[in-house]
Amino acid sequence: MGYTSRAIAARWPGVVVGTTRDGRDGTLRFDDDAAVGPALAAATHVLSSVPPDADGDPVLSRYGDRLGGKWHGYLSSTGVYGDAGGAWVDESAPIAGRRANRNAADAAWLALGARVFRLPGIYGPGRSPLDRVREGAAHRVDVEGQVFSRVHVHDIADAVVRAATAPAGAYNIADDVPAAQNDVVAHAAALLGMAPPPFVRLDTLSAPARAFYAENRRVANGKAKRVLGWSPRYRDYRAGLLALSATTSPTAASAAPPPASGDQR
């Protein structure tokens, strides 16, 4: 029950039972077989958002023998396509991502008959370029010609709900307009009335971040539109960030006055 799964659960038309590592907030602890087993037995639909680890897919390893006869969904990544040199990729593109365990998990869920949702960069309330710019954690990277796809978390939730009766297979869930991350960050700053963050050199980033910027692709979403009857509500980052900025309170120009009484409730 992470960020994206919670958004899906809020839209799902039925009872949802979720897991976390520690069983917080009314969820089941993932490794509590005595609790998770009966929940799986009673479930009609099973959605996994658990990423693979060094040993493979934790859900399939631990509970794979209890998933028969159900609808299966899996939140994967468009990273399975690897670098496409800026070209468009659809679900027929070869799997050549840099993370072998993610590639293997994607293939394993497809072999199980799952609806595999391949997701690009995810943003939404509380987790967007607006938040990073506001917190001073955003930057622009001095790399020309780099393009990424992204998707609003609420559009992911809509797609997964629509797939409840859809055929098995892979589905790219992305918005309509891939764009350079630098443009997205600069637009977020403009919406906040702030100066765009500075450029940084690629070689100053962490190894995972450098690997991220080594890939360049545009993710096509035509299959999801045709088969699921889905279309992103936020078709590009401008629409998504504008909607998020409209729900964000502006920063106060001065401190609020002290309360009238220490006993005020």
Side-chain angles (χ1 to χ4, degrees), residues 1-21 27-28 30 36-53 56-81 90-93 95 97 99 101-122 124 149-175 219-233:
M1 291 292 284
Y3 181 74
T4 302
S5 296
R6 291 196 303 271
I8 295 168
R11 294 285 304 277
W12 192 261
V15 176
V16 175
V17 177
T19 68
T20 55
R21 289 186 179 90
T27 61
L28 305 179
F30 177 75
V36 175
L40 281 174
T44 58
H45 294 65
V46 176
L47 175 72
S48 172
S49 65
V50 182
D53 57 25
D57 187 286
V59 176
L60 295 179
S61 297
R62 193 174 197 99
Y63 298 112
D65 59 349
R66 305 182 220 185
L67 299 179
K70 304 177 186 300
W71 178 99
H72 305 120
Y74 177 62
L75 303 187
S76 186
S77 166
T78 55
V80 298
Y81 297 121
D90 64 15
E91 293 83 354
S92 68
I95 301 305
R99 294 178 292 173
N101 281 358
R102 173 64 87 177
N103 299 345
D106 184 290
W109 281 97
L110 282 175
L112 191 64
R115 289 83 186 151
V116 172
F117 306 98
R118 292 174 178 162
L119 309 176
I122 301 168
S149 290
R150 55 197 50 80
V151 64
H152 194 290
V153 69
H154 291 167
D155 283 327
I156 299 172
D158 182 40
V160 173
V161 170
R162 288 174 178 270
T165 57
Y171 296 92
N172 289 342
I173 308 300
D175 71 16
V219 177
N221 60 15
K223 180 182 176 182
K225 289 181 174 179
R226 293 190 308 271
V227 179
L228 304 181
W230 169 86
S231 186
R233 178 178 180 181

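Atoms considered below: every heavy atom in the structure, side chains included; atoms not considered: hydrogens, waters and symmetry mates.
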Between [X] and [Y], which heavy-atom pair has the shortest distance, and what is it?
{"X": "M1", "Y": "A9", "result": "CE-CB, 3.8 Å"}
{"X": "S149", "Y": "V219", "result": "OG-N, 3.0 Å"}
{"X": "A220", "Y": "D90", "result": "CB-CB, 4.2 Å"}
{"X": "G18", "Y": "T27", "result": "O-CB, 3.3 Å"}
{"X": "I95", "Y": "R118", "result": "CD1-NH2, 3.8 Å"}
{"X": "L28", "Y": "A39", "result": "CD1-CB, 3.9 Å"}

Side-chain contact test, heavy atoms from C-beta onward, threshold under 4.5 Å: evaluate it for [X] versus [Y] and give yes or no.
{"X": "P51", "Y": "R102", "answer": "yes"}
{"X": "F117", "Y": "W109", "answer": "no"}
{"X": "K225", "Y": "K223", "answer": "no"}
{"X": "W12", "Y": "V161", "answer": "yes"}
{"X": "L47", "Y": "I8", "answer": "yes"}
{"X": "T78", "Y": "I173", "answer": "no"}
{"X": "V36", "Y": "Y63", "answer": "yes"}
{"X": "V46", "Y": "W71", "answer": "no"}

From [X] [atom1] over to [Y] [atom2], what is the distance, rounded to the nearest 0.5 angstrom?
{"X": "R6", "Y": "S49", "atom1": "CZ", "atom2": "OG", "result": "10.0 Å"}
{"X": "E91", "Y": "N221", "atom1": "CD", "atom2": "CG", "result": "8.5 Å"}
{"X": "L228", "Y": "T165", "atom1": "CG", "atom2": "OG1", "result": "8.5 Å"}

Verify, without hydrogens or angle tests, whether [X] (side chain) and [Y] (backbone) share a donor-acceptor contact under 3.5 angstrom.
{"X": "R115", "Y": "G113", "value": "yes"}
{"X": "H152", "Y": "I122", "value": "no"}
{"X": "N101", "Y": "D53", "value": "yes"}
{"X": "D155", "Y": "P232", "value": "no"}
{"X": "R99", "Y": "V80", "value": "no"}
{"X": "D57", "Y": "L60", "value": "yes"}

Is the number of heavy atoms from other residues, nucleotides or ligands under 6.0 Å of R62 CZ greater than 12?
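Buried by this count: over 12 neighbours within 6.0 Å.
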For S76 and D106: C-alpha separation, side-chain torsions, deciding distance, then whether side-chain contact (heavy atoms from CB on, under 4.5 Å) applies. CA-CA 6 Å; S76 186; D106 184 290; 2.8 Å; yes
Would you tell me whether Y81 and N172 have side-chain atoms, one donor and one acceptor, within less than 3.5 Å of each other?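 Note: Y81 and N172 side chains meet the donor-acceptor criterion.
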Worksheet item: Quick one: salt bridge (charged side-chain N to carboxylate O under 4.0 Å, His left out) pairs with a partner in residues 9-20, sequence neighbours left out?
Response: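 Residue pairs with at least one partner in residues 9-20: R11-D158.
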Between R21 and F30, does a side-chain contact (heavy atoms from CB on, under 4.5 Å) hold up when you go through it step by step?
CA-CA 5 Å; R21 289 186 179 90; F30 177 75; 5.8 Å; no
